[in-house]
Q: 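Before I ask anything, let me first share the structure, which is written out below as structure tokens.
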Protein chains: 2
Amino acid sequence: MKSNHTQKNCSNVHLAIQDTLYVVSGKWKLVILAILVNDGKMRFGELSRHAGISPRILSKELQEMEMNKLVSRTVMDTKPVTVEYAATEYADSLKEVIDAMIKWGQSHREAIKES
Amino acid sequence: MKSNHTQKNCSNVHLAIQDTLYVVSGKWKLVILAILVNDGKMRFGELSRHAGISPRILSKELQEMEMNKLVSRTVMDTKPVTVEYAATEYADSLKEVIDAMIKWGQSHREAIKES
DNA sequence: CTGTATCCTAGCTGATACTG
DNA sequence: CAGTATCAGCTAGGATACAG
């Protein structure tokens, strides 16, 4: 038996992979997440300087990550207004994916080296 | 304790993630791999038609995948010459990563739907 | 038949200046 | 300070013709 997958399952799987890729790929999303996880909540400007991301990109990334519930955005009642971003609990659910990627990436580098 | 990671570990992890991302992201690599895994070895032209990828892109993708030991390339002694591509055993090692991505992608879609 | 060369387009990314 | 507008460069991906 070569394959028992239906077209529908195939589409679902493909879609699921694309959804995940959308969240983990790209130049900045995981970097931002790592910073927020390691260093805790941070304001927009801090994050921009800390990661070296220009405001335009950072804004776009944070919006997408907020839509995907990976970061929370809190407007603080200060003057002038400041905004704090933080990694959500839900972001932890990505850990399995990221760990799998780290593990494979490390052993892969070994595997390739031996040629 | 917030973080006990060294700069070096951080770099390694980041590098490993990028290596994995390089292999699984992009529009075609996983599609090609899925086809070769499900339908077995296939010639260049077949693959091109089957997946609907133009030769230029397919060639580039296959070269990269071959460098990463994910596919094998066998020149057949036919006339005119034909070339068979197949998924390697090593490609199976990606399964954990892909499964993690499928799993997260599916549950994520549910998580987002509820908002 | 396998692959490459050429040309083209759309989208991602970045620097910078600016608005509220 | 947070975020957007504008402009510019780069890269991924694609159509097509062609070479070996």
Side-chain angles (χ1 to χ4, degrees), chain A residues 14-15 17-36 39-68 70-88, chain B residues 14 17-36 39-68 70-87:
Chain A
H14 195 217
L15 185 60
I17 292 175
Q18 294 198 23
D19 286 348
T20 305
L21 274 179
Y22 183 78
V23 164
V24 298
S25 68
K27 195 167 178 180
W28 294 118
K29 291 204 176 66
L30 288 186
V31 173
I32 293 169
L33 202 55
I35 292 175
L36 290 179
D39 302 342
K41 63 189 178 187
M42 203 173 284
R43 286 183 292 108
F44 185 87
E46 286 181 285
L47 203 44
S48 178
R49 283 189 303 278
H50 200 82
I53 314 179
S54 68
R56 193 182 77 84
I57 305 297
L58 180 57
S59 173
K60 185 175 72 57
E61 300 288 278
L62 285 173
Q63 281 174 24
E64 292 171 0
M65 293 172 77
E66 195 192 354
M67 285 198 305
N68 282 310
L70 299 174
V71 302
S72 63
R73 177 181 182 276
T74 312
V75 178
M76 307 302 284
D77 191 13
T78 52
K79 196 171 172 243
V81 166
T82 57
V83 180
E84 277 186 359
Y85 289 91
T88 61
Chain B
H14 195 217
I17 291 177
Q18 293 198 23
D19 285 349
T20 305
L21 235 28
Y22 183 78
V23 164
V24 299
S25 69
K27 196 168 177 178
W28 293 118
K29 290 205 177 66
L30 289 186
V31 173
I32 292 169
L33 202 55
I35 291 176
L36 291 178
D39 302 342
K41 62 190 179 187
M42 204 173 284
R43 284 183 293 110
F44 185 86
E46 286 181 285
L47 203 44
S48 178
R49 283 190 303 277
H50 200 82
I53 315 179
S54 69
R56 193 182 78 84
I57 305 299
L58 181 57
S59 174
K60 184 173 72 53
E61 301 289 276
L62 286 172
Q63 280 175 24
E64 291 170 0
M65 292 171 76
E66 195 192 353
M67 285 198 306
N68 283 310
L70 299 174
V71 302
S72 63
R73 178 181 182 277
T74 312
V75 179
M76 308 302 283
D77 190 12
T78 53
K79 196 177 171 235
V81 166
T82 58
V83 180
E84 278 186 358
Y85 288 92

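Excluded from the calculations below are hydrogen atoms, water molecules and symmetry mates; all remaining heavy atoms, backbone and side chain alike, are included. None of these values were measured; they are calculated from a predicted model. Residue numbering restarts at 1 for every chain, and letters A, B, ... go by the order of the sequence lines.
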Q: Calculate the interatomic distance between B:L58 atom CG and C:dT2 atom C1'; express it in whole Å.
A: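 Atom-to-atom, B:L58 to C:dT2, this comes out as 10 Å.
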Q: Check the distance between D:dC1's C1' and A:M42's CE and give it to me in whole angstrom.
A: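 My rounded result for the distance is 16 Å.
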Q: Can a donor-acceptor pair under 3.5 Å be found between the side-chain atoms of B:R56 and the base atoms of D:dG13?
A: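 Between D:dG13 and B:R56, which were checked side chain against base, a qualifying N/O pair under 3.5 Å is present.
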Q: Once rounded to the nearest 0.5 Å, what's the spacing between atom CD1 of A:I35 and atom CH2 of A:W28?
A: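 The CD1 atom of A:I35 sits 8.5 Å away from the CH2 atom of A:W28.
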Q: Minimum heavy-atom separation for B:R43 to B:E46, with atom names?
A: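 Minimum heavy-atom separation between B:R43 and B:E46: N-OE1, 2.8 Å.
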Q: Using five pairs at each end of the helix from C:dC1-D:dG20 to C:dG20-D:dC1 to define an axis, what is the angle between those two axes, to 10°?
A: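 Here the local axes at opposite ends form an angle of 30°.
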Q: Side-chain N or O of A:Y85 less than 4.0 angstrom from OP1 or OP2 on D:dC1?
A: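 No, because none of the side-chain N or O atoms of A:Y85 sits under 4.0 Å from OP1 or OP2 of D:dC1.
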Q: What distance do B:L47 atom CG and B:L58 atom CG have between them, rounded to the nearest 0.5 Å?
A: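 The distance works out to 5.0 Å.
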Q: Would you name the heavy atoms of B:K29 and B:M65 that are closest together and state the gap between them?
A: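 Nearest heavy atoms, B:K29 then B:M65: O-CE, 3.5 Å.
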Q: Round to a whole Å and report the spacing from NZ of B:K79 to C1' of C:dC1.
A: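 Distance, rounded to whole Å: 13 Å.
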Q: Please check: side-chain N/O of A:S59 versus main-chain N/O of A:P55, any donor-acceptor pairing under 3.5 Å?
A: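 Such a contact is absent between A:S59 side chain and A:P55 backbone.
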Q: Of A:K60 and A:P80, whose nearest nucleotide on DNA chain D comes first from the 5' end?
A: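 Here A:P80 is the residue nearer the 5' end.
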Q: May I have the distance from B:E64 (atom CD) to D:dA12 (atom C1'), rounded to whole angstrom?
A: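 So the two atoms are 11 Å apart, to the nearest Å.
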Q: Enumerate, atom names and distances included, each donor-acceptor pair closer than 3.5 Å involving a side-chain atom of residues 76-88 of chain A, sequence neighbours excluded.
A:
unit_1	atom_1	unit_2	atom_2	d
A:T78	OG1	A:P80	O	2.9
A:T78	OG1	A:T82	N	3.1
A:T78	OG1	A:T82	OG1	3.1
A:Y85	OH	A:R73	NE	3.3
A:T88	OG1	A:K69	O	2.6
A:T88	OG1	A:L70	O	3.2
A:T88	OG1	A:Y90	N	3.4
A:T88	OG1	A:A91	N	3.2

Q: Whole angstroms only, please: what is the CD1-C1' distance between B:I57 and C:dC8?
A: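 Roughly 12 Å, once rounded to whole Å.
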Q: Ignoring backbone atoms, test whether A:W28 places a side-chain nitrogen or oxygen under 4.0 Å from the OP1 or OP2 oxygen of C:dC12.
A: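 Answer no for this pair, as no side-chain N or O of A:W28 is under 4.0 Å from OP1 or OP2.
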Q: Are OP1 or OP2 of D:dA2 and a side-chain N or O of A:Q63 less than 4.0 angstrom apart?
A: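 No.
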Q: Look at the side-chain N and O atoms of B:K27 and state whether any lies under 4.0 Å from the OP1 or OP2 oxygen of D:dG14.
A: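 Checking D:dG14 against B:K27, a side-chain N or O does come within under 4.0 Å of OP1 or OP2.
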Q: Would you indicate whether B:K41, at its atom NZ, is surrounded by more than 12 heavy atoms from other residues, nucleotides or ligands within a distance under 6.0 Å?
A: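 Not buried by this count: 12 neighbours or fewer within 6.0 Å.
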Q: With respect to the side chain of B:S59, which nucleotide from C:dT4, D:dG14, C:dT13 is positioned closest?
A: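 It is C:dT4.
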Q: Quick one: A:L21 CG to D:dA12 P, roughly how many Å, whole number?
A: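 Rounding to the nearest Å, CG of A:L21 and P of D:dA12 are 15 Å apart.
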Q: State which of C:dG3, D:dT16, D:dA2 makes the closest approach to the side chain of A:T82.
A: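 Nearest nucleotide to the side chain: D:dA2.
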Q: Rounded to the nearest Å, what distance is computed from the CZ atom of residue A:F44 to the C1' atom of nucleotide D:dT4?
A: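 From A:F44 CZ to D:dT4 C1': 10 Å.
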Q: Using a 4.0 Å heavy-atom cut-off across all strands, classify A:R49 as base, sugar-phosphate, or nothing.
A: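 No contact.
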Q: For A:L47 and D:dA2, give me the distance from atom CG to atom P, rounded to whole Å.
A: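 So the two atoms are 10 Å apart, to the nearest Å.
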